[in-house]
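Order of the sequence lines fixes the chain letters, A, B, ..., with proteins taken first and strands second; residue numbering starts at 1 for each chain. Note: hydrogens, waters and symmetry copies are ignored here, and every other heavy atom, side chains too, is used.
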2 protein chains.
Amino acid sequence: MTRKLETVLETLKGTHCAESLQSLVEDLRGIYDVEHVVYHALNIAGSPYAALTYTNEWVDRYIEEDLGRIDPVIQTAMRRFHPLDWKRLDWTPPGARTMLGEAIANGLGNQGYTLPIRGPRGQFALFTVNASAADRSWDSFTAETAQDLMLISHFIHQKVLEIENVEEKAPGRELSPRERDTLHFLALGYGRAQIADRLGISEHTLRVYVDSARFKLGALNATHAVAVAVSSGIIFP
Amino acid sequence: MTRKLETVLETLKGTHCAESLQSLVEDLRGIYDVEHVVYHALNIAGSPYAALTYTNEWVDRYIEEDLGRIDPVIQTAMRRFHPLDWKRLDWTPPGARTMLGEAIANGLGNQGYTLPIRGPRGQFALFTVNASAADRSWDSFTAETAQDLMLISHFIHQKVLEIENVEEKAPGRELSPRERDTLHFLALGYGRAQIADRLGISEHTLRVYVDSARFKLGALNATHAVAVAVSSGIIFP
DNA sequence: CCTGCCCTCGCAGTTTCGGGGGAGTTGAAG
DNA sequence: CTTCAACTCCCCCGAAACTGCGAGGGCAGG
């Protein structure tokens, strides 16, 4: 473990609020000698939840024009498990290049490295370091620092989940196997009649399962129940 | 970075199939001097996908009786972001203690440390090390090794996603903002009339959004579309 | 300029869903 | 032995959702 990493994790232990998280990312900028450091959670405690070093102008601009919708970093990170290097992204979509140009004009470096992080209920965050550098020196930087960044990003996310006390509460009762089967097939788009047929039971029986699953999950209807079940990892569609 | 970790990550680079992954977890047993090492993906390429060192008897038993349903390790890990130590789990649920006893009778150690890992489409896996040890020495082991394990677990999961070539393909087209809004509210359990009202549009217009979202996602009905959207991270309910 | 996408609105008819009632068996836990 | 949860089956009916047919305006990219 590098000394830098040690320092960071130590600081993180003493972090118990959003403000000190903000100062942590500012410190990280100096520690790793980069232009910007960003922790950006897309769906925690009212999006967006963030600790970042970008200028306010750029952040306002970004939010105002909803640039997240065309930002290739976000769009790509949502579908990836690995960290991603900005220069390997697809910048061809309309508006992407323009956005990058404006970003750089607003003080961003030309290089970036972003790690996607995912929580138990689909809480999704990005951890990004950004700097101005030539490709070659940036490559050696990322190669050296990749593991530090992975650990830091996870510990920060962990801390955020704690701060925002995202409960890890269980749903009232567990679902029974039949209830899970039912939700599973519902999530695949089948109707009650078809599912009942496939499970070899009467449609009325199946309805009982849908109802009890709905009740246990506190859902208003089948669609809601499926959404809850999928996002809680109860079923995998 | 410890030398152990270096060795492991190096080996992992040369890993390109499920068999070599299996031998990697066997090696890990020796490298970290533990009883068992398990990588267990719950929803990749037909569940369960696993590389593990448990005895076949125990695995068969586990699958046959669907012990995953009562195993506190799995049940808890599904709702947690942090790694979890088995001895801090809640073993009171009916059958849990019994199961642990049988597990130990089948060659498991009494101590365990499990890390949950999540992929972009909700691919969920567990990485577990298991050993026989007194609480005290186990605690110092986990404290020392926690970061190694976090990195190893992530690299293994990454490798598995590659091996099983889980595509990171985008859905055909992106959803429009209205379509996403619509799915979002559907996922919250509201009816079309209510959503139309909230969005300030006619119910018929809303229907067009539901239909086009359904079409873009290749879904059979609204419930299916919501399930796809939630599991793809397009919406966060 | 035209194509394509996004946003908006409408009717009629069929199917499915959800609310409201029931009832009986098994099996495991207390 | 009782209790409780899970699993199975049945009815009626109103309210939703889905199907299939339309229509037009606005705005961007090729």
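Residues A:Glu102 and A:Thr98 have side chains in contact (heavy-atom distance under 4.5 Å, counting atoms from C-beta outward). Annotation: side chain of A:Leu84 is in contact with side chain of A:Leu89 (closest heavy-atom distance under 4.5 Å). Counting heavy atoms from C-beta on, the side chains of B:His157 and B:Tyr39 come closer than 4.5 Å. Between A:Ile117 and A:His154 the shortest side-chain heavy-atom distance falls below 4.5 Å.
Phosphate proximity of D:dT8 to A:Tyr209: present, with a side-chain N or O under 4.0 Å from OP1 or OP2. Neither OP1 nor OP2 of D:dA6 sits under 4.0 Å from any side-chain N or O of A:Ser212. The phosphate of D:dA6 has OP1 or OP2 within less than 4.0 Å of a side-chain N or O from A:Lys216. Dashed line: the shortest gap from a side-chain N or O of B:Ser176 to OP1 or OP2 of C:dC7 is under 4.0 Å. The phosphate of D:dA5 (OP1 or OP2) has no side-chain N or O of A:Arg178 nearer than 4.0 angstrom. For C:dC17, the OP1/OP2 oxygens have no side-chain nitrogen or oxygen of A:Arg214 closer than 4.0 Å.
Listed by residue number, B:Gly191, B:Arg192 are the residues of residues 188-200 of chain B with a heavy-atom contact under 4.0 Å to DNA chain D.
As rounded to whole Å, 12 Å separates atom P of C:dG19 from atom CZ of A:Phe215. Rounded to whole Å, the distance from CG on A:Leu183 to C1' on C:dC17 is 15 Å. Atom-to-atom, CG of A:Leu220 to P of D:dA17 comes out at 12 Å; the value is rounded to the nearest Å. In this entry the distance linking CG of A:Leu175 with P of D:dC7 reads 10 Å, nearest Å. The separation between B:Asp211 atom CG and C:dC5 atom P is 16 Å, rounded to whole Å. Atom-to-atom, CG of A:Asn221 to P of D:dC18 comes out at 10 Å; the value is rounded to the nearest Å. Spacing between atom NE2 of B:His204 and atom P of C:dC11 amounts to 6 Å, rounded to whole angstrom units. Atom P of nucleotide C:dT8 and atom CD of B:Glu203 are separated by 15 Å, given to the nearest angstrom.
Rounded to 10°, the helix from C:dC1-D:dG30 to C:dG30-D:dC1 has 70° between the axis fitted to its first five pairs and the one fitted to its last five.
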Atom pairs under 3.5 Å, N or O on each side, protein against nucleotides 25-29 of chain D: can you list them with distances?
none

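Each of A:Asn130, A:Asp135, A:Thr142 was evaluated against A:Gln111; a single residue qualifies, A:Asp135, per the side chain to side chain donor-acceptor pair (under 3.5 Å) test.
Within the nucleic acid shown, B:Thr205 comes within 4.0 Å of at least one base atom, counting heavy atoms only.
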Name each donor-acceptor pair under 3.5 Å that joins a side chain in residues 181-197 of chain B to protein atoms two or more places apart or in another chain, with its distance.
from: B:Thr182; atom 1: OG1; to: B:Arg178; atom 2: O; distance (Å): 2.7
from: B:Gln194; atom 1: OE1; to: B:Gly191; atom 2: N; distance (Å): 2.9

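With hydrogens and angles ignored, the 3.5 Å screen pairs a side-chain donor or acceptor of A:His36 with a backbone N or O of A:Gly107.
Nearest nucleotide to the side chain of A:Arg207, out of C:dG19, D:dT8, C:dG10: C:dG19.
One finds no salt bridge joining B:Glu35 and B:Arg29 here, because no Lys/Arg side-chain nitrogen approaches an Asp/Glu carboxylate oxygen to under 4.0 Å. Using a 4.0 Å cut-off between charged side-chain N and carboxylate O, A:Asp211 and A:Lys216 make no salt bridge.
Looking at residues two or more places apart in sequence or on another chain, you find a ring-ring contact (aromatic ring centres under 6.0 Å, His included) between A:Phe141 and A:Trp138. Not counting sequence neighbours, the partners of B:Leu149 by the side-chain contact (heavy atoms from CB on, under 4.5 Å) test are B:Tyr113, B:Leu115, B:Phe127, B:Val129, B:Thr145.
For the 3.5 Å distance criterion, the side chains of A:Tyr62 and A:Asp71 qualify, holding a donor opposite an acceptor.
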